[in-house]
Colleague: 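Got a structure here, written out as structure tokens. Questions coming.
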Amino acid sequence: MIVLNELSKRFGIIRAVDRVSFTVNRGEVLGFLGPNGAGKSTTMKMLAGFLTPSGGSASICGHDVVAQPIQAKQRLGYLPEGAPAYPDMTARGFLMFIAGVRGLSGREATQRIGWAVERTQLTRVLDQPIDTLSKGFKRRVGLAQAILHDPDVLILDEPTDGLDPNQKHEVRGLIRDIAGDKAIIISTHILEEVEAVCSRAIVIARGRVLADDTPDALVAQDPDHGAVCLTVDAAVAETAIQALATLPGVIAARIEPRGPRALVLVRSEPGVPIVDAVREFATGQPWDSADHGTVRGRLDQVFRTITTDAA
Amino acid sequence: MGATIAIARREFAAYFATPLASVFLCIFLALAGALTFYLGNFFERGRADLQAFFTFHPWLYLFLIPAIAMRLWAEERRSGTIELLLTLPVSTAAAVIGKFVAAWAFCGVALILTVPLWITVTWLGNPDHGVILASYLGSWLMAGAFLAVGQAVSALTKNQVIAFVIAAAVCFVITLAGSPLVQAPFSGWAPASVLEALTNLSFLTRFQAVTRGVIDATDLVYFASVIGTFLVATVAIVDHKKAD
């Protein structure tokens, strides 16, 4: 559905996007991650046909974005960064305008607008001018505009930026609901969002793709992923760590102070499950606590490792 | 085509969504009336025509039309909606034409609102209606030419004030291309054909011919080609600068 082939964009001597290639298939929700200035928005603008690539190619549903821009744009719903909309128009007038430009009219237009409005819960503010709306509603007007024509491909640039936690939750629910048979790319800074809605994640920095995997596989790259964690008294943490380090399969152990208590994290060699061994070993020790479990890797840790190594 | 109409309708409604439309129409009508009766000596001339009215159109347009045109692209660029507009399935040309048609229709509304003058002159005497109709048509075409220039300038900048000032300056030069003010720098050295070409490029020269009742196809073609040229230029400018 979305194919990028060595897509590049230079601004002067700066390579904003450097030979990026990937494919997004029907049913996939791709999280597009990267630090500010990594090239996320530039890549999305090229896909949406707003910026002309300096090199390589991209296509939406088989239509090259440079050679067949109109056909590509017909299949695409795009939410630009910041969800721009005409401030003087009402939400209804704005959506009518979008429907008109997209060639929808009469009952079909009314029906599609009704569907999009219901999906984005805009009914209450439909007849207010857009510049009187809160940030959350403005963002939802932008989303309604993007999904209005039920496109096969959705590209959303920071769809939840600036929303409060409830609104974020709603928008994520909306994306999950409509994902079904579409190919979706969302860019975000919020890593929990990737785990919440994305089936795949790409990390990009300095215009290059650095990782392309499922969120779970990325999480597994965290060295702490799968480590066993025990909560003990801070006073005995040192003793515990020395004892635990002698267990077979254990490669590292460290302490994270938590006030009067401390967390002891025990890492094993990759693929060696040690949680049972640790539990058995710990039982009966003077420092034992009943509180042990495995740690799930943290995406922000992985993100930092990947993007700072590249710098 | 449908997209062009949708854009034109939105743009046209946008004039009326803000006080711009009413302010513009009031000022245009007040100035047009005042100039006709005081500077144009409408009554003292004792002739049943609208020469006194049409004579001042180029000067009114000089600063009023750039005021309509300045927002066309500058506002889209400043507010970021240009990214929305140009990622919809429309060609840049369709967007440029849609905006132009809306602004031109708005000028048409302003002109239609001056029809009471025509009624007045018909009541007072027996004017040549053909000349008046031709003058209206000529005035509207000239407004289109000013608009096309203004739209091209608007596409160059995010700043509406800059768009206004530059468009007014460019229109001033084109309007007066036949006058000594513009010709003086050329008259010493340039061949006579260049000076004549410049005179032929002047809005004023062309428009005066039309209002005298001399409808020459070349004058109509002239205004149409000015409009066409600047619309093409606008498409090129928007495509080149849209993301800046």
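Chain A is the first sequence line, chain B the second, and so forth, proteins listed ahead of strands; every chain is numbered from 1.
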Colleague: If you tally heavy-atom pairs under 4.5 Å against chain B, which of A:D88, A:L51, A:I70 wins?
Modeller: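 The residue among A:D88, A:L51, A:I70 with the greatest pair count is A:I70.
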Colleague: Sort A:F94 into side chain, backbone, both or neither according to what part of it lies under 4.5 angstrom from a heavy atom of chain B.
Modeller: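 Contact with chain B is through the side chain of A:F94 alone.
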Colleague: Are there over 12 heavy-atom neighbours, none belonging to B:H240, within less than 6.0 Å of that residue's NE2?
Modeller: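 For B:H240, atom NE2 is not crowded (no more than 12 foreign heavy atoms under 6.0 Å).
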Colleague: Name the region of A:A48, side chain, backbone, both or neither, that has any atom closer than 4.5 Å to a heavy atom of chain B.
Modeller: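 Both parts, backbone and side chain.
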Colleague: Who in residues 60-94 of chain B is close to chain A, using a strict under-4.5 Å heavy-atom cut-off?
Modeller: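 If one takes a 4.5 Å heavy-atom cut-off, the residues of residues 60-94 of chain B near chain A are B:E76, B:S79, B:G80, B:T81, B:I82, B:E83, B:L84, B:L85, B:L86, B:T87, B:L88, B:P89, B:V90, B:S91.
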Colleague: Select one option (side chain, backbone, both, neither) describing which atoms of A:Q71 are under 4.5 Å from chain B's heavy atoms.
Modeller: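 Neither part.
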Colleague: Just checking A:E118: does its CD atom have more than 12 heavy atoms from other residues, nucleotides or ligands closer to it than 6.0 angstrom?
Modeller: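 No.
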Colleague: If I measure from the heavy atoms of chain B, does A:P80 come under 4.5 Å with its side chain, its backbone, both, or neither?
Modeller: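 Both backbone and side chain.
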Colleague: Go through the atoms of A:I98 and report whether side chain, backbone, both or neither lie under 4.5 Å from a heavy atom of chain B.
Modeller: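 Answer is side chain: those atoms of A:I98 sit under 4.5 Å from chain B.
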Colleague: Pull out the residues in residues 3-17 of chain B that come under 4.5 Å of chain A, heavy atom to heavy atom, sorted by number.
Modeller: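 Only B:A3, B:A6, B:I7, B:R10, B:A17 of residues 3-17 of chain B have a heavy atom under 4.5 Å from chain A.
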Colleague: Who among A:M96, A:K73, A:Q74 has the most heavy-atom pairs with chain B under 4.5 Å?
Modeller: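 Heavy-atom pair counts peak at A:K73.
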